[in-house]
2 protein chains.
Amino acid sequence: MRYLVDTGFELREHEDLDIFLRAAPTRAVLELLASKWTMLVLVALGDGRPMRFNELRRRLEGVTQKMLTQTLRALERDGLLTRTVYPTVPPRVEYRLTALGGGLGKLLTAVTDWSREHVAEMRAARAAFEERAAHQPQGVGTAP
Amino acid sequence: MRYLVDTGFELREHEDLDIFLRAAPTRAVLELLASKWTMLVLVALGDGRPMRFNELRRRLEGVTQKMLTQTLRALERDGLLTRTVYPTVPPRVEYRLTALGGGLGKLLTAVTDWSREHVAEMRAARAAFEERAAHQPQGVGTAP
DNA sequence: CAGTATCCTCCAAGATACTG
DNA sequence: CAGTATCTTGGAGGATACTG
């Protein structure tokens with residue numbers, strides 16, 4: 001099976017934690033977040049309540065089984081959530097953030113909250129930008 | 001010219017701000033962040049100091065001219081940063097976060113700070129996961 | 001210096017079918 | 001219910017060359 005974000009960390013000892021460097025292990029986090037569904041999963045589980053597979057599936061409108069599974073496995077692998085299988089019939093599987101995942105979840109929830117609060121401003125900015133682009137096709141404003 | 005993340009917002013009035021819905025305009029923010037270089041640009045400019053094009057280029061190790069340009073244009077379009085051209089020879093162009101971009105930058109800086117602080121834990125978790133996978137190829141832990 | 005303009009590659013993500 | 005297994009594809013991202 002393959003996982004998302006396979007930047008298998010290679011540095012050790014005095015490794016560079018500058019996020020701007022190509023090989024920085026911290027870029028693994030950025031790549032994880034670059035995956036389309038990761039943020040939504042972390043935010044969905046952010047309140048600490050465990051969720052079942054199909055419960056998550058219904059919550060994240062548009063996610064496919066495959067992508068949800070891949071995303072969950074990637075997060076499990078990195079220790080951000082746990083997967084618990086209850087051997088009942090039918091099977092029941094619960095996903096729950098770890099303490100580690102909870103910390104990141106809080107930060108990402110702040111980001112999604114920010115989105116809700118500022119999406120109108122962004123849309124206005126976009127409209128203004130397209131307006132300008134339409135009127136000055138060469139398109140660059142100059143400074144005084 | 002084409003831009004990253006062209007989810008041209010279509011809803012209006014009572015639009016749904018639930019980030020989990022497919023058409024939620026807030027997903028535009030998530031898609032913006034899903035772009036490989038967006039976070040790094042916002043964090044690099046996060047302290048409020050303007051930066052020139054090649055200065056950013058050097059800072060973000062591995063970014064190509066094309067991707068940096070695209071990323072900056074996308075952020076400018078959404079009102080997160082401003083682009084100022086000083087008509088000198090050679091040309092000088094400065095990028096600076098707007099108040100809007102500054103707010104998002106703060107949140108993303110918190111995320112990159114978190115990465116630096118917890119990357120070791122994530123690596124340990126990953127090693128443990130692979131170890132387990134190697135020993136139990138069928139691979140599922142069951143609950144008590 | 002700060003970009004455009006092309007061409008090309010690769011893989012994240014989707015669609016679909018099957019299963020313990 | 002909660003997955004796995006394949007096949008396919010759009011487009012993000014990279015490489016390279018050229019320019020005001």
Quiz item: Is it the case that B:R77 places NZ or CZ above or below the six-membered ring of A:F129, under 6.0 angstrom from the centre and within 45 degrees of the axis?
Solution: no

Quiz item: Atom CD of A:E76 and atom C1' of D:dA2: how far apart are they, to the nearest Å?
Solution: 14 Å

Practice problem: Locate the shortest heavy-atom distance separating A:E121 from A:E117; write the atom from each residue and the value. | Solution: OE2-O, 4.3 Å

Quiz item: Any side-chain N or O of A:R92 under 4.0 Å from OP1/OP2 of D:dG3?
Solution: no

Practice problem: Round to a whole Å and report the spacing from CG of B:L60 to P of D:dG14. | Solution: 11 Å

Exercise. Would you tell me if any nitrogen or oxygen in the side chain of B:R83 comes within less than 4.0 Å of OP1 or OP2 on C:dG3?
Key: yes

Exercise. Please work out if B:R52 contacts a base, only the sugar-phosphate, or nothing of the nucleic acid, heavy-atom cut-off 4.0 Å.
Key: sugar-phosphate

Quiz item: Whole-Å distance between D:dG13 P and B:L72 CG?
Solution: 14 Å

Self-check item: B:R58: partners by side chain to side chain donor-acceptor pair (under 3.5 Å), with sequence neighbours left out
Solution: none

Quiz prompt | Length of the CZ-P vector between A:R27 and D:dG13, whole Å | solution = 12 Å

Practice problem: Could you check how far CZ of A:R57 sits from P of C:dA13, rounded to whole Å? | Solution: 16 Å

Quiz prompt | Per-nucleotide protein contact string for nucleotides 14-20 of chain C, where B marks a base within reach and S marks sugar-phosphate only (heavy atoms under 4.0 Å, - for neither) | solution = BB-B--B

Quiz prompt | Value rounded to 0.5 Å, distance of CG in B:D78 from CG in B:L100 | solution = 9.0 Å

Quiz item: Closest approach of A:P25 and A:L17, non-hydrogen atoms and distance?
Solution: CG-CD2, 4.3 Å

Exercise. Find the distance B:R59:CZ to C:dA2:P and express it as a whole number of Å.
Key: 17 Å

Quiz item: Does B:S35 make a side-chain N or O approach to OP1 or OP2 of D:dG13 shorter than 4.0 Å?
Solution: yes

Practice problem: Please check if the side chain of B:T38 supplies one atom and the backbone of B:A34 the other of a donor-acceptor pair under 3.5 Å. | Solution: no

Exercise. Between B:A34 and A:E55, name the one whose nearest nucleotide on DNA chain D is closer to the 5' end.
Key: A:E55

Self-check item: For C:dA15, the Watson-Crick or wobble partner whose two distances fall under 3.5 Å
Solution: D:dT6

Exercise. Indicate whether OP1 or OP2 belonging to D:dG3 is found under 4.0 Å from a side-chain N or O atom of A:R73.
Key: yes

Quiz item: Do the side chains of B:M122 and A:L32 get nearer than 4.5 Å, heavy atoms only?
Solution: yes

Practice problem: Mind calculating the distance between CG (A:L40) and P (C:dA13) to the nearest angstrom? | Solution: 12 Å

Quiz item: Can you tell me how far P of D:dA12 sits from CG of B:L32, to the nearest Å?
Solution: 12 Å

Self-check item: N/O (side chain, A:Y95) to phosphate O (OP1/OP2, D:dG3) under 4.0 Å
Solution: yes

